[in-house]
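First comes the structure, then the notes that go with it.
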There are 2 protein chains.
Amino acid sequence: MSTKKPSSSSNITIRDVAQLAGVSPATVSKVLNGIPYVSPDTHARVQAAVEQLQFRPNSIARSLKMSRTSTLGLITNDLEGVFTMSMMRGVEEVAAEQGFSVFLCNSYGEPERERAHLQVLLDKQIDGVILMNGFRVHERGAPALSLGNMPVVYLFQYTRTSGIPSVIPDDFGGAVTGTQHLLDCGHQRIGVINGPPNYEATHIRLAGYRQTIEAAGLTFDPALVRAGKWYESFGYALTNDLLSQAEPPDSLFCMSDSLAVAAMSVVRERGLNIPRDISVVGFDNRAFAGHQTPPLTTVKLPLVEMGRLAGELLLQAIKAGKPADEIYRVPCELIQRASTRLMASPESGVN
Amino acid sequence: MSTKKPSSSSNITIRDVAQLAGVSPATVSKVLNGIPYVSPDTHARVQAAVEQLQFRPNSIARSLKMSRTSTLGLITNDLEGVFTMSMMRGVEEVAAEQGFSVFLCNSYGEPERERAHLQVLLDKQIDGVILMNGFRVHERGAPALSLGNMPVVYLFQYTRTSGIPSVIPDDFGGAVTGTQHLLDCGHQRIGVINGPPNYEATHIRLAGYRQTIEAAGLTFDPALVRAGKWYESFGYALTNDLLSQAEPPDSLFCMSDSLAVAAMSVVRERGLNIPRDISVVGFDNRAFAGHQTPPLTTVKLPLVEMGRLAGELLLQAIKAGKPADEIYRVPCELIQRASTRLMASPESGVN
DNA sequence: AATCAATAGTAAAACGATTTACGTTGATTG
DNA sequence: CAATCAACGTAAATCGTTTTACTATTGATT
């Protein structure tokens, strides 16, 4: 009959293990942490005791001494934003891989809440924090609270103030990729349905588009560009407007998948076939993009990868010295589906 | 010129405060925690010292002694699920209100990951945990690890094993509400586009529909019911099928907003007007529901409220004794928009 | 045989708060 | 006047680890 205590979950401490193994707590600590100079015999005895008692060290006590908690903070402006969860997943994933836990905080975009959350996290001695923006206001200033020398990484927003790495999508490159794909399909008049001017991405993507068509020897025509908001409801009028011109575009590059869905619907209503008569490319690679008819070719916002990178940068900053403060632009790859004319091979030029 | 130390964030301890105020650490602890028997004079002196030093107590040290961390765990099966973030927001919200932080963990539905996460959270001495399901497999068994007597709450899933409260939507009531609304609009042949049979919600909602129409004196007609999956792409064929019958339905109750979007699209293609010729009701109240043309009337899944309730139940269990183990079904209210014929007042019956 | 280095283990001091138990003091009371 | 009591403070123990001395034992080297 075992004499195991009923034990309310885990009263067992390192002392109990030491006692059972017939050694001192210090020795147990050594084997627990793989510190050398403990005989194989003792090592085995301690491990057996740990096993038998189902001992698990108390992280809190450990943290107190070590002043490292293996804990990250993740503060978001907009927990319910459409891009938020994928980035969160990336962050959580790398954190878990490296034995870190992450505190989730929602600031609702209010500096006062952000300050309060940061304060609590500081009190809880987290090792680092990611400040993540759910919406696309890219440039941001200092955090709402002085963080001393705690590592910080910005995600989906950037800063030019020094010492803080930022992770954002490569909007320019993404626009280039999308545009080039349409050129490769043989299109000469590529229409653009863009987002609102108060988003930096709007301008950057347009610049990417412009550079690409000009590099292909075409001239930039403002008549082919329309701008509204990111939502689907804005796409209908803009697309209709674009297609009603004397010389309508032969393809559409929509700067969000929502806009692309609206555009496709308008194109269909006008009796045109996608992609035979007109190609459509979206941006974001939202979940619904692949479920359209036809499935939407789109430029993917690398959200999970961005989350992972932000997490890696933060962990790296925690473990070593700070990485060079820098803006990391994660490439946006093309997800080729059926809303654009399929070419034999992406390499083959237009000729 | 101030002589404040450069200070690497927070080296200042309760001793420093005590020293500056000319009292003992114990006294400082008293005023910090509002414990009586400290003279107004001393109180003021201590507070001044706290202020001057910008002292903030170290949560880790506090937790070690008190064995309470003011920290919750939230483990989800599916961090990227469409319902997850709203529930998370609810949980985070109440937690923050009551001074708790929440650890976010993604188990990807793998028991092994869930076990690992739980283990880490236990080591970190969290005060309680919410096990949240991102998809609609409702019934679940015990957690993947024995949790001793740590409070647990299930969210978006339930259990009949004792001691654990569960928070789920009231699918039955929601189906009743949606059906009744269509009856109130004067419809007699209400078609149903349902989800897959391996979801319990599918059956419960159908039962709610059936009971409601039978209570109204109509007979349940299986020919009016179609089932597929929740995604939009399944809605087209089902709706077409339903509407091609000799006696087609005069209204549609779609058990997800995605299905409803597909249904509306099919209805339009057939040259019918919504809501004049046919009413459509959805389920979930996804973000896009309000952006349809016409905006979709739908039964709201009370995700944020469910998250809040789960958080409240957990905090309550932590602070007091466990609440009665029970299944909490949160009501699903009707969000009335323009895809159903508007009635003068919900109270006025059909007559 | 004496010295030294490497190995094995431990006692005790941290880490930074809370809490218990106790000591003053001054006022009130029988 | 002695005894009681309440108010105010503090020293020291405590929470469960890690880490820093420090001791003791070996085996190898001169």
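Proteins come first, then strands; the chains are lettered A, B, ... in the order of their sequence lines, and each starts at number 1. Everything quoted here is computed from the prediction, not taken from an experiment.
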Task: Pairs flagged by salt bridge (Lys or Arg N to Asp or Glu O under 4.0 Å) wherever residues 17-33 of chain B is involved - sequence neighbours left out - done: none
- [ ] Specify the separation, in whole Å, of atom CD1 of A:Ile12 and atom P of D:dC15.
- [x] 16 Å
- [ ] Look at atom CD of A:Glu80 and say whether more than 12 heavy atoms of other residues, nucleotides or ligands are closer to it than 6.0 Å.
- [x] yes
Open item on the list: Side chain of A:Asn58 only, heavy atoms from C-beta on: which candidate in D:dT17, C:dA17, C:dT10 is closest?
Closed with: D:dT17
Open item on the list: Any base atoms under 4.0 Å from B:Thr42, or only sugar-phosphate, or nothing? Heavy atoms, all strands.
Closed with: sugar-phosphate
Task: Residue A:Ser24, side-chain atoms from C-beta onward, closest of C:dT10, D:dG16, D:dT17 - done: C:dT10
Open item on the list: Can you confirm whether more than 12 heavy atoms, excluding those of A:Glu93, are under 6.0 Å from its CD atom?
Closed with: yes
Open item on the list: Looking at C:dA17, I'd like to know if its phosphate oxygens (OP1 or OP2) sit under 4.0 Å from a side-chain N or O belonging to B:Thr13.
Closed with: yes
TODO: Among residues two or more places apart or on two chains, list those pairs meeting ring pair (Phe, Tyr, Trp, His ring centres under 6.0 Å) that have a residue in residues 35-61 of chain A.
DONE: none
- [ ] Could you pull out all residues at least two apart from B:Arg15 that satisfy side chain to side chain contact (heavy atoms under 4.5 Å, CB included)?
- [x] B:Thr13
Open item on the list: Which is more 5' along DNA chain C, the nucleotide nearest A:Tyr37 or the one nearest A:Gly22? Just name the residue.
Closed with: A:Tyr37
Open item on the list: From NE2 of A:His43 over to C1' of C:dG9, roughly how many Å is that when rounded to an integer?
Closed with: 15 Å
Pick out the pairs of N or O atoms, protein on one side and nucleotides 19-23 of chain C on the other, that lie under 3.5 Å.
from	atom 1	to	atom 2	distance (Å)
C:dT19	O4'	B:Lys65	NZ	3.3

- [ ] Return the set of residues passing side-chain hydrogen bond (donor to acceptor under 3.5 Å, both in side chains) with A:Ser70 (not counting sequence neighbours), or none when no residue passes.
- [x] none
- [ ] May I have the distance from A:Leu32 (atom CG) to D:dT19 (atom P), rounded to whole angstrom?
- [x] 12 Å
Open item on the list: Which residues pass the side chain to side chain contact (heavy atoms under 4.5 Å, CB included) test with A:Met85, not counting sequence neighbours?
Closed with: B:Met85
Task: Contacts of type salt bridge (charged side-chain N to carboxylate O under 4.0 Å, His left out), residue A:Asp123, not counting sequence neighbours - done: B:Arg56
Open item on the list: Measure CG/B:Leu64 against C1'/C:dA14 and give the value in whole Å, please.
Closed with: 13 Å
Open item on the list: Would you say CZ of B:Arg329 has more than 12 non-hydrogen atoms from neighbouring residues, nucleotides or ligands within 6.0 angstrom?
Closed with: no
TODO: May I ask you to evaluate whether B:Ser39 reaches the phosphate of D:dG9, defined as a side-chain N or O under 4.0 Å from OP1 or OP2?
DONE: yes
TODO: Grab the NZ-P distance between B:Lys124 and D:dT17 for me, whole Å please.
DONE: 15 Å
Open item on the list: Between P on D:dG9 and CD1 on B:Ile14, what's the gap in Å once rounded to a whole number?
Closed with: 15 Å
- [ ] State, to the nearest 10°, the angle formed by the axis through the first five base pairs of the helix from C:dA1-D:dT30 to C:dG30-D:dC1 and the axis through its last five.
- [x] 60°
Task: Nearest-Å distance for atom pair CD/P, residues A:Gln19 and C:dA11 - done: 13 Å
TODO: Mind checking B:Arg15 for me? I need base, sugar-phosphate or nothing, with any heavy atom below 4.0 Å counting as a touch.
DONE: nothing
Task: B:Ile60 CD1 to C:dG16 P, straight-line distance once rounded to whole Å - done: 12 Å
Task: Pairs involving residues 86-111 of chain A, ordered by first then second residue, that meet ring pair (Phe, Tyr, Trp, His ring centres under 6.0 Å) (sequence neighbours left out) - done: A:Phe103-B:Phe103
